[in-house]
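For reference, the structure is listed below as structure tokens.
We number each residue from 1, following the sequence as shown.
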Amino acid sequence: MAVTVFAAIDVGSYEVSMKIFEFSKKIGFRELNHVRYRLEIGKGVYSSRRLEPEMVDAICMILKDFRRIMEEFGVEGYRACATSAFREMVNPVIIIEQIYQRTGIRVEILSNAEQHFLGYKSIAAIEAGFKKMIQKGTAILDIGAGSLQVSLFDKDALVSTQSLKIGSMRIRERLRELEKTNIHYDQLILEFIRNDLMAFQRLYLKDRDIKNIILMGDFLTDTIFRGEQDEHIVTMDEFMSRYENTVYKTEQTLASEMDIDPEVASLVVPTMVICKSFLDVFQAESVWVPGVSLLDGIAYDYGEKKKFIKSVHNFENDILVASRNIGKRYSSGKNHIQGTTKLALAIFDSMKKIHGMGARERLLLQIAVQLHDCGKYISMADVAECSYRIIMATEIIGLSTEERQVIASAVRYNTTEFVYYENFDDGAGLDRERYLLVAKLTAILRLANAMDRSHYQKVQGLRAVLKDRELHLIIDSNRDISLELGLLKDKVDFFEEVFGIHLVLRRKKKM
């Protein structure tokens with residue numbers, strides 16, 4: 001039985017941790033070792049946006065120890081991730097390079113959407129409990145040091161996910177001085193987060209009926225809900241009893257009772273107030289604390305990609321549903337999107353031998369189609385630029401910042417003149433590989449979009465056949481498609497330039 005040993009590393013805001021896992025086709029994956037060091041990286045970063053040299057030294061020392069442990073376990077692959085504290089820095093690239101040169105460990109900075117998608121995958125690893133919970137309206141609250149992610153499920157589908165900058169450490173740092181002069185610290189926190197809470201409720205809850213809450217975050221299971229793991233459900237009465245027994249105590253008392261450092265104990269009250277505030281808004285009936293972490297999600301993701309694990313949940317569909325809901329928020333035309341998606345995918349699938357793209361790029365194309373018209377909500381005169389700005393400003397669960405930029409750029413150049421590489425500068429810029437991906441997605445999106453220029457879905461079917469260096473598009477339609485065919489000509493030129501093939505357009509012969 002082939003066995004692979006893998007290490008997941010999390011350079012988090014208040015601790016640096018590593019889990020080592022064993023993977024095989026037979027068992028899936030199991031945890032072999034768990035090492036963690038308390039280190040409040042986020043404490044200074046959230047106020048100064050910089051990491052002190054002493055903190056960099058401490059991180060490097062820990063990672064060197066992790067490398068030694070990985071060698072002892074015969075680790076064949078690893079993934080080291082940093083989260084919100086590194087995203088807040090003004091110089092993360094410099095710090096990441098220092099760490100690599102000193103430890104040999106390459107740390108990647110996860111976007112907020114990537115981080116919480118991996119956290120969400122860690123819950124899915126407990127398949128029975130996860131599937132049972134999300135059959136009803138369910139919200140996942142992933143409470144981090146710097147931010148809070150709220151993900152809403154409805155009948156097994158992820159319908160919305162939003163990030164709010166109200167993490168427990170961020171709140172503590174902002175209110176630390178005020179806490180000293182206020183005897184009702186919990187009320188102070190509640191007032192501080194109320195505006196964000198009410199805005200979320202107004203914009204994203206509306207008529208949604210949320211019955212279950214899944215609470216995530218290492219901090220929760222290490223302190224407040226220690227021992228409340230796996231499939232144990234906490235009732236609202238039990239939660240309120242825990243709340244009343246926590247928020248009115250001092251840091252020193254909590255530290256003593258929970259056997260934790262006072263600095264860590266200072267995060268307990270902000271965390272509990274965040275939880276209770278959202279439970280009140282949702283009027284939830286039960287709470288599940290699965291006791292999993294980002295490390296479990298990193299491992300689960302690795303196992304999926306290496307085909308050690310076959311998930312019963314369709315995560316790709318979650319990304320598409322979330323994108324569809326973003327499009328719906330900006331009043332994108334449903335029928336036009338559906339029609340254009342079918343056309344774009346037919347072209348994509350027929351050209352696999354030519355374009356060199358895979359399943360992930362196919363997903364990005366679908367999202368680009370979903371969102372290519374969203375800018376009309378802002379301006380009918382500047383759709384491309386507004387669409388680009390909306391996509392870049394909107395987190396899409398499961399996508400990296402770079403992937404979102406690829407989608408936004410393809411949408412921008414769908415209707416504006418394409419900019420060649422020497423002059424290309426979308427935001428922070430894209431490397432050569434991603435630039436070529438933008439060109440390919442743009443060429444396909446332009447072609448598919450032009451085929452439904454009237455938004456009447458005149459093209460009933462499209463058969464794409466690749467013959468040597470010619471792509472034959474056989475259009476099935478019993479309506480007048482003069483407009484569509486006429487507007488395709490300039491799209492064809494760019495398509496042929498990008499892929500180096502000749503495009504032949506034909507109408508299906510009528511019987």
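- Checking side-chain atoms of Ser332 against main-chain N and O of Leu371 turns up no donor-acceptor pair under 3.5 Å.
- With salt bridges taken as basic N to acidic carboxylate O contacts below 4.0 Å, one links Glu97 and Arg106.
- Between Asp301 and Arg79 there is a salt bridge, with a side-chain nitrogen of the basic residue lying less than 4.0 Å from a carboxylate oxygen of the acidic one.
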Check the pair Ile378, Arg389 against side-chain contact (heavy atoms from CB on, under 4.5 Å), reporting the backbone distance first and the verdict last. CA-CA 10 Å; Ile378 307 295; Arg389 297 298 174 187; over 6 Å; no

Do Ile309 and Tyr300 pass the side-chain contact (heavy atoms from CB on, under 4.5 Å) test, and can you show the C-alpha distance, the side-chain angles, and the key distance before you say yes or no? CA-CA 8 Å; Ile309 300 169; Tyr300 192 89; 4.0 Å; yes

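- Annotation: side chain of Glu395 is in contact with side chain of Gln149 (closest heavy-atom distance under 4.5 Å).
- Taking the ring pair (Phe, Tyr, Trp, His ring centres under 6.0 Å) definition, one finds that Phe494 meets it with Phe418, sequence neighbours left out.
- Between the OG atom of Ser387 and the CE atom of Met392 there is a distance of 13.5 Å, given to the nearest 0.5 Å.
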| For Val16 and Ile41, what are the C-alpha separation, side-chain angles and deciding distance, and is it a side-chain contact (heavy atoms from CB on, under 4.5 Å)? | CA-CA 9 Å; Val16 183; Ile41 296 171; 4.0 Å; yes

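- Atom CD1 of Ile354 has more than 12 heavy atoms from other residues, nucleotides or ligands within 6.0 Å.
- Between Glu361 and Lys440 there is no salt bridge, since no side-chain nitrogen of the basic residue lies less than 4.0 Å from a carboxylate oxygen of the acidic one.
- Between His372 and His336 the shortest side-chain heavy-atom distance falls below 4.5 Å.
- With sequence neighbours excluded, the residues forming a ring pair (Phe, Tyr, Trp, His ring centres under 6.0 Å) with Tyr204 are Phe200, listed by chain and number.
- In terms of the side-chain hydrogen bond (donor to acceptor under 3.5 Å, both in side chains) criterion, Arg174 has no residue partners (sequence neighbours excluded).
- Every residue meeting the side chain to side chain contact (heavy atoms under 4.5 Å, CB included) condition with Tyr377, not counting sequence neighbours, appears here in chain and number order: Tyr330, Ser331.
- Among residues two or more places apart in sequence or in another chain, the side-chain hydrogen bond (donor to acceptor under 3.5 Å, both in side chains) test is passed with Arg87 by Asn112, Gln115.
- Looking at residues two or more places apart in sequence or on another chain, you find a salt bridge (Lys or Arg N to Asp or Glu O under 4.0 Å) between Arg434 and Asp431.
- Residue Ser151 forms a side chain to side chain donor-acceptor pair (under 3.5 Å) with just one option from Asp142, Thr138, Thr161, and that option is Thr161.
- Although no hydrogens or angles enter the test, the distance criterion places a donor-acceptor pair under 3.5 Å between the side chain of Glu496 and the main chain of Leu503.
- Of the possible polar contacts, one joining the Arg404 side chain to the Ile391 backbone as a donor-acceptor pair under 3.5 Å is found.
- The side-chain heavy atoms of Ile337 and Arg324, taken from C-beta on, include no pair separated by under 4.5 Å.
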Open item on the list: Please determine whether side-chain contact (heavy atoms from CB on, under 4.5 Å) holds for the pair Met169 and Ser84, giving the CA-CA distance in whole Å, both sets of side-chain angles, and the decisive distance to 0.1 Å.
Closed with: CA-CA 11 Å; Met169 189 181 291; Ser84 61; over 6 Å; no

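- Qualifying side chain to side chain contact (heavy atoms under 4.5 Å, CB included) partners for Glu285, counting only residues two or more places apart in sequence or in other chains: Lys211.
- Qualifying side chain to side chain contact (heavy atoms under 4.5 Å, CB included) partners for Ala139, counting only residues two or more places apart in sequence or in other chains: Leu152, Ile210, Ile213, Phe282.
- Between the side chain of Arg412 and the main chain of Ala384, no donor-acceptor pair closer than 3.5 Å is present.
- For the side chain to side chain donor-acceptor pair (under 3.5 Å) condition, the pairs that include at least one residue of residues 351-360, sequence neighbours left out, are Arg360-Glu403.
- A distance-only check finds a donor-acceptor pair linking the side chain of Arg446 to the backbone of Tyr413 [under 3.5 Å].
- Partners of Asn325 under the side chain to side chain contact (heavy atoms under 4.5 Å, CB included) rule, at least two apart in sequence or in another chain, are Val159, Val321, Lys328.
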Exercise answer: donor-acceptor pairs, residues 462-469 side-chain atoms, under 3.5 Å, sequence neighbours excluded:
residue, atom, partner, partner atom, Å
Arg469, NH2, Phe499, O, 3.4
Arg469, NH2, Gly500, O, 3.1

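- Shown here for Ile397 and Ala113, the closest heavy-atom pair between the two residues is CD1-O, 3.8 Å.
- Distance check: Phe495 CZ to Leu445 CG gives 12.0 Å after rounding to the nearest 0.5 Å.
- A donor-acceptor pair under 3.5 Å is absent between the side-chain atoms of Ser409 and the main chain of Val406, judged by distance alone.
- Glu52 meets the side-chain hydrogen bond (donor to acceptor under 3.5 Å, both in side chains) test with no other residue; sequence neighbours excluded.
- Within a 6.0 Å radius of CZ in Phe192, more than 12 heavy atoms belonging to other residues, nucleotides or ligands are found.
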**Message:** Test side-chain hydrogen bond (donor to acceptor under 3.5 Å, both in side chains) on Ser293 and Asp296; report intermediate values, then the result.
**Reply:** CA-CA 5 Å; Ser293 68; Asp296 300 290; 3.2 Å; yes

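- Ion pair Glu316/Arg362 not flagged as a salt bridge, since none of the NZ, NE, NH1 or NH2 atoms sits closer than 4.0 Å to an Asp/Glu carboxylate oxygen.
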